[in-house]
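Below: the structure, in structure tokens.
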2 protein chains.
Amino acid sequence: MVIEIMEIHELIEGVRRNNRSIIGQAISLVESQAEKHRTLAGQLLQEILPHSGNSLRIGISGMPGAGKSTLIDTLGSYIIEQGHKLAVLAIDPSSGFSGGSILGDKTRMEKLSRSEHSFIRPSPAGGTLGGVARKTREAMLILEAAGYDFIIVETVGVGQSEYTVRSMVDFFMLLQIPGSGDELQGIKRGIMEITDLVLINKADGERKGLAEKTRQDFAMAVHYLQPASAGWSTKAATCSALTGEGIPAIYEMLNNFREQVTASGFFEERRRLQRKDWLHNLLESELLLRFYRNELIAGKLAQFEQAVCEGQMEVSEAAESLLRDFLKS
Amino acid sequence: MVIEIMEIHELIEGVRRNNRSIIGQAISLVESQAEKHRTLAGQLLQEILPHSGNSLRIGISGMPGAGKSTLIDTLGSYIIEQGHKLAVLAIDPSSGFSGGSILGDKTRMEKLSRSEHSFIRPSPAGGTLGGVARKTREAMLILEAAGYDFIIVETVGVGQSEYTVRSMVDFFMLLQIPGSGDELQGIKRGIMEITDLVLINKADGERKGLAEKTRQDFAMAVHYLQPASAGWSTKAATCSALTGEGIPAIYEMLNNFREQVTASGFFEERRRLQRKDWLHNLLESELLLRFYRNELIAGKLAQFEQAVCEGQMEVSEAAESLLRDFLKS
């Protein structure tokens with residue numbers, strides 16, 4: 001990916017003026033792994049920091065087929081109609097393997113992509129989940145500085161990705177389909193405990209009754225769990241992203257959520273903790289990255305691995321020697 | 001804990017002569033966090049390395065009440081009667097919290113603790129699971145050099161401890177009680193996939209029939225899973241640690257296992273991979289430890305955390321600055 005380097009003040013001004021092409025470049029800059037982009041990215045983020053933070057960050061997860069794209073298209077368009085600016089970012093845990101993005105296609109969200117008040121960012125291809133997630137957090141800061149007051153972070157419900165998303169959003173929504181309550185056993189309890197809203201999508205036509213029954217099942221289930229957000233009891237609701245039924249109620253719920261958890265002080269408290277966790281995660285992953293990327297280490301590590309595998313060298317001896325070299329280099 | 005430092009050659013000779021008091025001190029030495037013990041521990045491990053590796057390492061897990069202690073007592077005593085030397089190590093994930101060991105009491109294994117061919121090591125009090133696990137691996141090397149040809153690593157089935165134990169043993173045994181097959185749904189599929197033998201204990205008296213039914217349930221369940229060890233199909237068996245019924249069959253099974261996976265080459269291949277993983281785990285945990293323990297970092301980190309929490313400093317800027325300081329110091 002070629003990043004057109006411009007002056008830092010041009011970038012910042014462009015972001016603040018909501019120039020979508022420049023916003024895209026700013027995000028590419030923070031996503032870049034190249035050494036030469038690092039300093040500039042750091043400067044950019046530090047400069048926009050005072051203008052960031054003013055959005056409701058919403059995580060949306062659900063298995064393939066739950067209708068995430070259509071929901072984001074319909075809900076997002078409704079939010080824009082209410083006078084907001086909305087951005088969509090995707091975290092795709094599979095992109096590292098497939099070498100491309102299965103999520104980030106703008107054509108999936110047709111209505112939304114036609115609006116001048118939306119910004120849709122395809123998920124970065126390649127990279128580890130941790131890496132992608134880190135950049136997603138930084139992309140949110142840029143989008144907030146650009147005036148987006150609703151940011152949706154979308155993920156497929158695979159592996160650890162829901163927890164990663166939860167760790168960077170204010171509100172976490174789990175999308176389900178009618179009938180999925182029957183398999184409530186199979187839905188990880190852990191996921192329910194990080195969820196603010198279980199939303200049964202596709203509550204239209206013949207599926208309306210089943211959707212309502214599924215909603216009741218989930219409402220019962222969440223009743224017995226710790227809520228994910230202090231001052232907010234986890235909800236279960238139905239909607240149809242296809243017909244738009246139930247969508248206004250979700251918008252209202254998001255506003256109620258923001259009001260209630262802001263009043264209780266939990267909104268800001270969670271964000272403080274998220275920033276602290278983010279610092280620790282970043283420190284740890286960067287430290288390991290630099291270790292493994294160190295040229296001196298890379299060569300020696302292969303040798304030592306061999307010696308350890310063959311039983312010629314004791315593991316703690318090998319580790320000690322490598323660490324000594326790294327910290328001296 | 002006071003470690004009586006003796007000359008390294010005295011320690012090694014004592015270990016090789018199977019002097020249990022010196023073996024205990026050698027393990028304490030590798031468990032020690034003190035800087036002054038590190039070099040000596042490294043030397044000791046490197047010296048005994050050529051004498052290590054000659055045991056069957058067996059992991060045993062099960063919930064409290066499954067009868068682990070009694071089983072280890074009975075099975076261990078039987079193994080010793082067959083002319084072997086047996087050592088027992090415990091990994092207790094709760095010891096870090098309770099401040100003491102719930103597992104490591106020698107009186108739990110009465111028969112075994114009276115034998116001169118056994119060595120029972122209480123789990124180290126305190127420390128993280130990762131830390132304890134690391135020392136457990138190193139303790140195994142010492143015990144092998146001391147001539148123990150069967151080593152049992154025991155853990156309570158909590159959190160990640162089963163996976164930690166699996167990563168350091170040849171054979172992994174999951175202990176169950178009669179009737180537990182009814183809740184097969186509740187037993188994590190992941191655990192079944194790392195298991196070589198599901199052993200239904202307490203198959204005595206009135207529970208014999210239920211135990212057999214439970215065994216069949218588990219036999220069915222494991223039938224559909226990938227085996228944990230190439231060249232060995234996961235087994236389900238019953239026994240009574242109380243009456244001793246079924247114990248000789250387990251001993252025979254352990255020998256069959258060793259023969260089959262040795263013949264297929266998987267035994268040595270797994271150990272090679274375990275040593276490599278161990279090196280990586282150790283490198284990563286030590287690197288992070290040294291970062292957080294660095295005095296320069298500790299002071300600055302608290303300040304930066306504060307600034308990041310308050311939104312005065314951008315997270316990647318803070319991380320970059322801390323890493324620069326650490327790698328220069």
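Remember, predicted model here, so these are calculated numbers, not experimental data. A note on names: the letters A, B, ... follow the listed sequences, proteins ahead of strands, and every chain is numbered from 1.
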Practice problem: State which residue, out of B:Glu286, B:Gln46, B:Glu138, fulfils the side-chain contact (heavy atoms from CB on, under 4.5 Å) condition with A:Ser316. | Solution: B:Glu138
Practice problem: Go through the atoms of B:Arg290 and report whether side chain, backbone, both or neither lie under 4.5 Å from a heavy atom of chain A. | Solution: side chain
Quiz item: Does B:Leu288 reach the side chain of A:Leu283, with side-chain heavy atoms less than 4.5 Å apart?
Solution: no
Quiz prompt | From CG (B:Leu279) to CZ (A:Phe304), nearest 0.5 Å | solution = 9.0 Å
Quiz prompt | Proximity breakdown for B:Glu317 and chain A, heavy-atom pairs closer than 4.5 Å | solution = side chain
Quiz item: Taking all non-hydrogen atoms of both residues, which atom of B:Leu141 and which atom of A:Glu314 are closest, and how far apart?
Solution: CD1-OE2, 3.8 Å
Quiz item: What part of B:Leu49 is in contact with chain A, defined as an atom under 4.5 angstrom from a non-hydrogen atom: side chain, backbone, both or neither?
Solution: side chain
Quiz item: For B:Ile48, is it the side chain, the backbone, both, or neither that has a heavy atom closer than 4.5 Å to a heavy atom of chain A?
Solution: neither
Exercise. Please step through side-chain contact (heavy atoms from CB on, under 4.5 Å) for the pair B:Phe326 and A:Leu327, ending with a clear verdict.
Key: CA-CA 8 Å; B:Phe326 176 63; A:Leu327 295 175; 3.6 Å; yes
Self-check item: Most chain B-contacting option - heavy-atom pairs closer than 4.5 Å, from A:Ala318, A:Gly42, A:Cys309, A:Ala319
Solution: A:Cys309
Quiz item: Charged N to carboxylate O below 4.0 Å: is that the case for B:Glu310 and A:Arg275?
Solution: no
Exercise. To the nearest 0.5 angstrom, please state how far the CG atom of B:Leu323 sits from the CG atom of A:Leu282.
Key: 7.5 Å
Self-check item: Leading residue by heavy atom contact count with chain A [cutoff under 4.5 Å; candidates B:His280, B:Glu320, B:Met313, B:Lys328]
Solution: B:His280
Practice problem: Find the distance between CG (A:Leu287) and CD (B:Glu284) and round it off to the nearest 0.5 Å. | Solution: 10.0 Å
Quiz item: Which answer fits B:Gln312, side chain, backbone, both or neither, if we ask what part of it has an atom under 4.5 Å from a heavy atom of chain A?
Solution: backbone
Quiz item: Taking atom NZ of B:Lys276 as the centre, does the number of heavy atoms from other residues, nucleotides or ligands within less than 6.0 Å exceed 12?
Solution: no
Exercise. Only counting residues at least two apart or in another chain, list the ones meeting side chain to side chain donor-acceptor pair (under 3.5 Å) with B:Asp277.
Key: none
